[in-house]
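Below: one structure, written as structure tokens.
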Amino acid sequence: MSPTLPEQELIRRETLTEIREAGIDPYPAELIPVTGFTADILRLFDDDPGRYQSVRLAGRLMLKRSMGKASFAELMDARGRIQLYLKKDELGEAYDPLFSKWLDLGDFIGVEGYVFRTKMGEITVHVREIRLLSKSLKVLPVVKTDAEGKVHDAFTDPELRYRMRYVDLLVNPGIRDIFLKRSKLLSALRRHFSEKGWLEVETPILQSIHGGAAARPFMTHHNTLDIPLYLRIANELYLKRLIVGGFDGVYEIGKMFRNEGMDRTHNPEFTMMEIYVAYKDYYWMMEMVEELLETLALAVHGQTDIPYGEHLLQFKGPYRRLSMHDAIKEYTGVDVSAMDEAALRQQCKVWHIETDNFMGPGKLIDEIFSVKVEQHLIQPTYIIDHPLEMTPLAKKHRTKAGCVERFELFVCGKEIANAYSELNDPLDQRERFVEQLKLAARGDEEAMALDEDFLRALEYGMPPTSGLGIGIDRLVMLMTNQVSIQEVLFFPQMKPEKTS
RNA sequence: GACUCCGUAGCUCAGUCGGUAGAGCAAUACACUUUUAAUGUAUGGGCCCUGGGUUCGAGUCCCAGCGGAGUCACCA
């Protein structure tokens, strides 16, 4: 034990010794029978007060208000908090010294008692028995909420909140709710897809070729095989192999890993949902996404209109569809659809948009789009029919030359979903990969690698298929009104703490 | 990776012009048997992120580092 412990922690350790000397095990090993949860008592007490003549609860002691020979306290369990009332003349040594001297905020306790309503109207457990279940040696921040619901002394330091999420979850109101909503969203998604008959699958996270997207990977090494392996940046090519293998609908919810910068919408590992459905095209997929997002919004919020910052996002479809060219025309007044590479470069110069030498016309148009248009797309909007060279895995557009059958869904200026009519022509796919190799040779670090086994699978034949990817973290951000991805991840990436 | 801001008690934060380190909550002790941001009185608690420098003297000024946040770049 270090002599540099703060005063309060030293006192808790001394208390621990006193408890042990009194013959009380501060960390008892046994089953704790409980009759229910705090939240259920608060919700149901008035319907049938007689039912709560004896309740057993377990949780953390989070507040003590002592009035000498009687006290109020608050017990927090997994569902909420309830007030306790304790009297010395009823509890004896369990009151003094156990409750009044030895129990600290944060300790786990078990109580038995009856439920009543105080003079002030608060539903309260009148405690007949109290015991220590687990001693806490660290001091939790004490966050209080007043009668108007205003939070005082919240635990706000982002570094401490993310490094010690367990503390954040305990003391800050509303944090748990974000993660409960995240969980609701995921289970609603699985339910929805399961009802459609689509199969949830798992594909490799360790891949020897990092295909399916354009991003820098994390690299690792397998000792026995003595080969480099990459953490997946995408799982698209594996899911398509499963469509080749005869499944008509497969989806995977899982972590992707991209070795890129971090900011309030990017974490090195993030959760993607990808789904591939046979015999469908991207028009079908747009309707599917509308139905899905309506379902998820209802599951999380009970309504399809969702407040986000100053906006009210309307997830009820159909969403507006706008081709990339038309979107640029709408927000800049300039028609780029007929421009060649030189003209596009000139236009970028006019708008002070930085360009690189390896950028072809498609990439230039995408760059213009992201600078000039993205930020304006607040309500759910499909941007469709992207330039061909940007999108090596999508089918060429059935009528628009130089475009692919693709859509991206934008909400609040952020890309939430990306989908194609998937390219299933193996010869075309090989040419597209070769084009990517040329881009790589021109200096494009994100150009996609060629995957021979994937091409072989396509040569065996893939049915017409539509595929979709949804960034789950960003969707959860929208549905929980959060501007930072760190707020929807339990443990966002941080630099390691100093070990000193 | 670049720039800007931040780092003081367990938590949230003050700290003036460079001159003995402050408050609220939490803690300790006492009082109080229906309080609820409980209350009252008293007390204790500090590697002022780390390391250099300037100075008679640095929480404060300068430099470097570490960590965080924001903006940009890259990306989803």
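Naming convention: chains lettered A, B, ... in sequence-line order (proteins, then strands); numbering from 1 in each chain.
In this structure, A:Arg12 does not reach the B:rG10 phosphate: none of its side-chain N or O atoms is under 4.0 Å from OP1 or OP2. The phosphate of B:rC11 (OP1 or OP2) has no side-chain N or O of A:Arg161 nearer than 4.0 angstrom.
At whole-Å resolution of the value, CG in A:Leu103 and P in B:rA26 are 17 Å apart. The separation between A:Leu140 atom CG and B:rC11 atom P is 11 Å, rounded to whole Å. In this structure, A:Lys138 atom NZ and B:rC11 atom P are separated by 9 Å, rounded to whole Å. When rounded to the nearest whole Å, the span between CD1 of A:Ile233 and P of B:rC74 equals 17 Å. A:Asp96 places its CG atom 13 Å from the P atom of B:rU28, with the value rounded to the nearest Å. The NZ-C1' distance, from A:Lys495 to B:rA69, rounds to 13 Å in whole Å. In this structure, the CG atom of A:Asp157 is 13 Å from the C1' atom of B:rG10, given to the nearest Å. Between A:Leu5 atom CG and B:rU28 atom C1' there is a gap of 17 Å when expressed in whole angstrom units.
Across all strands shown, B:rG46 forms no Watson-Crick or G-U wobble pair with both key distances under 3.5 Å. Under the Watson-Crick or G-U wobble criterion, with both distances below 3.5 Å, B:rA58 has no partner in any strand shown. Under the Watson-Crick or G-U wobble criterion, with both distances below 3.5 Å, B:rU39 is paired with B:rA31. Using N1 to N3 plus N6-O4 or O6-N4 for Watson-Crick, or N1-O2 and O6-N3 for G-U wobble, each under 3.5 Å, B:rU4 pairs with B:rA69. Nucleotide B:rU12 has B:rA23 as its partner under the Watson-Crick or G-U criteria, with both atom distances under 3.5 Å.
Distance check on atom P: B:rC61 versus B:rC6 gives 9 Å, rounded to whole Å. Going from the P atom of B:rU50 to that of B:rU8 covers 10 Å, rounded to whole Å. Spacing of P atoms, B:rC47 relative to B:rC5, comes out at 28 Å, to the nearest Å. B:rC49 sits 16 Å from B:rA58 when the C1' atoms are compared, rounded to a whole Å. Going from the P atom of B:rG68 to that of B:rA27 covers 31 Å, rounded to whole Å. B:rU60 and B:rU43 are spaced 30 Å apart, taking the P atom of each and rounding to whole Å. As rounded to the nearest Å, B:rA26 and B:rU39 have P atoms that lie 8 Å from one another. Spacing of P atoms, B:rC3 relative to B:rA73, comes out at 16 Å, to the nearest Å.
Classification of A:Arg216 and A:Glu260 as a salt-bridged pair holds, one side-chain N sitting under 4.0 Å from a carboxylate O. With respect to A:Asp77 and A:Arg60, no salt bridge is recorded, no charged nitrogen being found less than 4.0 Å from a carboxylate O. Under a 4.0 Å N-O distance rule, the pair A:Glu408/A:Lys414 does not qualify as a salt bridge. No salt bridge links A:Asp157 with A:Arg161; every basic N to acidic carboxylate O contact stays at or beyond 4.0 Å. Salt-bridge annotation for A:Asp366 and A:Lys363: absent, with no side-chain N of the basic residue lying under 4.0 Å from a carboxylate O of the acidic one. Salt bridge absent: A:Glu112 and A:Arg56 never bring a charged side-chain N and a carboxylate O closer than 4.0 Å.
Note that A:Lys64 lies in the cation-pi zone of A:Phe99, set by a 6.0 Å cut-off to the ring centre and a 45° limit from the axis. Under the 6.0 Å distance and 45° angle rule, A:Arg79 counts as a cation-pi partner of A:Phe37.
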### Contact letters for nucleotides 29-38 of chain B, in which S counts primed atoms plus P, OP1 and OP2 and B counts the base, heavy atoms under 4.0 Å
---BBBBBBB
#### Entry: Heavy-atom protein contacts under 4.0 Å, nucleotides 41-46 of chain B, coded B base, S sugar-phosphate only, - none
---BS-
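Residue-level contact check: A:Gly261 touches the bases, meaning some heavy atom is under 4.0 Å from a base atom. Residue A:Met256 is classed as having no contact, given no heavy-atom separation below 4.0 Å to the nucleic acid. If you check every strand for non-hydrogen atoms under 4.0 Å, A:Glu90 touches nothing. Within the nucleic acid shown, A:Asn267 comes within 4.0 Å of at least one base atom, counting heavy atoms only.
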### Query
Which is it for A:Ile41 and A:Leu57 under the side chain to side chain contact (heavy atoms under 4.5 Å, CB included) test, yes or no, and what are the steps along the way?
CA-CA 10 Å; A:Ile41 295 173; A:Leu57 297 171; 3.9 Å; yes
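In this structure, A:Tyr230 has its ring center at least 6.0 angstrom away from the ring center of A:Phe218.
Side chain of A:Asp263, nearest nucleotide from B:rG10, B:rA76, B:rA73: B:rA73. Residue A:Ile485 places its side chain closer to B:rA76 than to any other of B:rA76, B:rC11, B:rA69. Closest to the A:Arg258 side chain, of the nucleotides B:rU12, B:rA76, B:rG68, is B:rA76. Closest to the side chain of A:Phe155, from the set B:rA26, B:rC13, B:rC11, is B:rC11.
Between A:Phe45 and A:Tyr52, the ring planes are tilted. Angles from 30° to 60° get that label.
A side-chain donor-acceptor contact under 3.5 Å links A:Thr118 to the backbone of A:Glu122.
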